[in-house]
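Structure first, commentary second.
Bear in mind that the values here come from a model prediction, so they are computed numbers and not experimental data.
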Amino acid sequence: MAETTVRSLSTSGSPRQRSSLRRALQRKSTIAFLMTLPLLVLILVLVIYPSIYAIHLATLSKRMDRFVGFGNFLFLFKRETFWMVVQQSCIFALTAVFFKAVIGFVVAHFVHNIPSKGQRKWRGMLLVPWVIPPAMSTLAWLWLFDPSYSAFNWILAQFGIDPIPWTGDAYWARFSVILVNIWIGAPFFMIMYLAALKSVPEQLYEAARIDGATWWQTMWYVTLPMMRNIIAITVLFSTIVTFANFDIVRVLTRGDPLDKTHVFATWAFRVGIEGGDIPLGAAVSLFMVPILAFAAIFILRDIARRGNEA
Amino acid sequence: MTDITSNASNATSATKHYGSMKQERLWALRWSYFFLVVFAIFFLTPPIYMLITSLKTSQEIATAANPWWVLNPTLANYIELLTSREFLTFFQNSAMVSILVVTLTMLISVPAAFALSRMKFWGSATLATGIFLTYLIPETLLFIPLFKMMAVFHEWTGISILNKWWVCVIVYPTLTVPFCTWIMIGYFASIPKELDEAALIDGATWMQTLTRIFIPVALPGLIAATIFAFTVSWAQFLYPLAFTTSVDQLVMPVGIITTLIKADVYNWGQIMTGALLGAAPPLIIYAFLMDYYIAGLTAGATKG
């Protein structure tokens, strides 16, 4: 298709080849700038500016008429709820990312194992949790965890096990939000790992086989090193997304019981939007920055390294 | 992987009993299928349970009978929701927002990706990396300052952005544009340089090169980016929850959660129907364009 286009263009523009090329080159940077301008405006106005504005907001008093410096942060440090949120955010993100990575890895291997004509079907089925909007699928979990009609508890009751307070008890509620997060995120890892597995050259496995490598040796010296980049970038990406997660906790527990399941995002929403204390909410959400920056630095290093290889 | 195990461990004994290798491979396959079934049950239980509940009446839900079975299937929940003006408004708002956001995203990110991948200019490489970094800034960091910015904008100009459905059209591109630009840069970079050089020599303008060569050649990437933009804007929950409150301005996910869940009266049959209908558009697109969907997912890490 493109070739025919080029050919049709060539008939019209051939007499003034050189001058038009020169003209195009002269104006290239101007055109390029104009083409990226909408993107730059969007990012500057709706991403960069709000990020800086958040820092400014965090230094204001509740009614936003007075500069209080680090007052909001000092206030947070003294509140027990804040430390609980820090703790829960870390537990939530680390546990969820770890299990997502492990389950994704295992499932990717099982899919990779079966004959390739069935793989598409299985892959399609296993990715469904990632496709459903998280707010909607969490509603289904909320119903599965319902205090009086929980379908899980009904199954447990068939085996004579007492009902579990899925969202009522602090520890079970923490378990439940992590479980839902794993359910939504593991398929994403599965897809990424499957793509990575497919890119490992078959010769490497053949070589390992000839050398008499055991299954663990093949895994450790062939598969994992070949997948290292994708594992790293998926884990980092997922850490950011999980750490900043809002939908699941908001729909499933709203931070209850007793604020035990709040993460930064949901607590910032509770304080900033529902509580009307915008500066304090901004201060809470800013605590996500260090972790996000940490992950971003590693991702940048990866991009830079790949740029050098190319 | 497991067949490698069997090969390795059987390397010495394979000559003695040739059939055992085949046997072990068969068992590895059986175990794979077994675990795949287990995981498929885990991954598909919530959506299936949504469907089961959506087919029940409130009376049937309230009984102590088996929650995993429908005794008297009924479409009453669907009929009730699909004829409710409120619900149709949510659907319409969501559809308008998603279509406008997808259009806007493509209009912004495709030319930008073209400029960044082909028309090297001062700082273009840094800019490309910078765009990817903005993708990593989560919406949970931005919703409070954006909320305040809109309130200030209202004070200055008298134009109210908050509590209008189209506020989503303004803020969603921040979620879709960086990633779409990033994957389009990857797709454009894979097009051979000779193509656009030939076009330029033949007198095509940069715009013509983009619309007549790059867009047709990179069409699969374009479809993947479109699907990504659509699913993100359909599923977004935090921004509309923070920025809109009036019932007639809500989009699907927020509308379903705020209006169907009323205080203590949970009509679960209807909530599950709403959730299923809210999940339907992305699921339908996924069912028909699965390969593009997955290409878009993996493009972020494997390309660029």
Side-chain angles (χ1 to χ4, degrees), chain A residues 1-2 5-6 9-10 13 17 20-21 24 28-29 31-32 35-36 38-39 42-43 46-47 50 53-54 57 107 109-110 113-114 122 124-126 129 131-133 135-137 139-141 143 151 154 191 195 209 214-215 218 230 233 240 244 246-247 265 272-273 278 281-282 285 288 296, chain B residues 1 4-5 7-8 11 32 35-36 39-40 43 46 49-50 67 108 111-112 115 119 121 129 133-134 136-138 140-142 144-146 148 173-174 177 195 198-204 206 212-213 216-217 235 237-238 242 253 268 271 275 278-279 282-283 286 290 294 297-298 301-302:
Chain A
M1 185 177 197
T5 324
V6 177
L9 286 171
S10 70
Q17 272 180 9
S20 69
L21 176 64
K28 194 176 91 167
S29 60
I31 300 170
M35 281 172 142
T36 40
L39 174 87
L42 177 86
I43 287 176
L46 292 174
V47 180
Y53 192 49
L57 280 176
V107 178
H109 272 93
F110 286 133
N113 241 0
I114 63 173
W122 283 99
M125 233 161 37
L126 295 169
V131 181
I132 302 174
M136 299 292 94
S137 52
L139 270 181
W141 283 100
W143 174 222
W154 184 86
I191 284 293
R209 205 175 306 163
T214 62
W215 183 82
T218 317
I230 293 222
I233 205 148
I240 292 179
F246 174 81
D247 302 11
I273 305 287
I278 288 182
S285 63
M288 286 189 280
Chain B
M1 64 176 180
I4 298 161
T5 339
N7 288 342
S32 293
F35 282 109
L36 278 178
F39 280 111
F43 285 135
Y49 193 55
M50 270 188 201
I108 296 174
M119 308 162 78
F121 57 95
T129 316
L133 276 190
T134 57
L136 300 177
I137 300 178
T140 40
L141 200 63
L142 299 176
I144 289 177
L146 281 172
K148 182 62 188 159
T174 59
V177 167
L195 264 184
L200 286 174
I201 288 167
D202 290 344
W206 285 101
R212 299 210 190 162
I213 296 173
V217 172
F237 179 62
L238 170 60
W268 278 110
I271 295 173
L283 278 175
Y286 171 68
M290 190 166 82
I294 290 171
L297 264 189
T298 48
T302 51

Note, Pro282(B) side chain near Pro133(A) side chain (heavy atom, < 4.5 Å): yes
Leu36(B) side chain reached by Asn113(A) side chain, heavy atoms, under 4.5 Å: no
Supply the atom-to-atom distance Thr134(B) OG1 to Leu42(A) CG, rounded to the nearest 0.5 angstrom. 8.5 Å
For chain A, which of Leu142(B), Ile108(B), Leu238(B) has the most heavy-atom pairs under 4.5 Å? Leu238(B)
Chain A: which of Gly278(B), Ala242(B), Pro46(B), Ala40(B) shares the most heavy-atom pairs with it under 4.5 Å? Pro46(B)
Ring-plane angle category for Phe246(A) and Phe237(B), please: parallel below 30°, perpendicular beyond 60°, tilted otherwise. tilted
Ring-plane angle category for Phe39(B) and Phe110(A), please: parallel below 30°, perpendicular beyond 60°, tilted otherwise. tilted
Which portion of [X] sits near chain B, non-hydrogen atoms under 4.5 angstrom:
X: Met288(A); result: side chain
X: Trp143(A); result: both
X: Ile114(A); result: both
X: Leu139(A); result: both
X: Ile240(A); result: side chain
X: Leu46(A); result: both

Minimum-distance pair of heavy atoms, taken over all atoms of [X] and [Y]:
X: Leu146(B); Y: Pro50(A); value: CD2-CG, 3.8 Å
X: Ala115(B); Y: Ala32(A); value: CB-O, 3.6 Å
X: Met50(B); Y: Met136(A); value: CE-O, 3.4 Å
X: Ala279(B); Y: Ile132(A); value: CB-CG2, 3.5 Å

Does Gly124(A) offer a backbone N or O that forms a donor-acceptor pair with the side chain of Tyr286(B) under 3.5 Å? yes
Taking Thr140(B) for the side chain and Ala244(A) for the main chain, is one N or O donor matched with an acceptor at less than 3.5 Å? yes
I'd like to know which of Ala151(A), Ser285(A), Gly281(A) tops the heavy-atom pair count under 4.5 Å against chain B. Ala151(A)
Can you name the side-chain contact (heavy atoms from CB on, under 4.5 Å) partners of Leu133(B), sequence neighbours left out? Ala296(A), Leu300(A), Leu136(B)
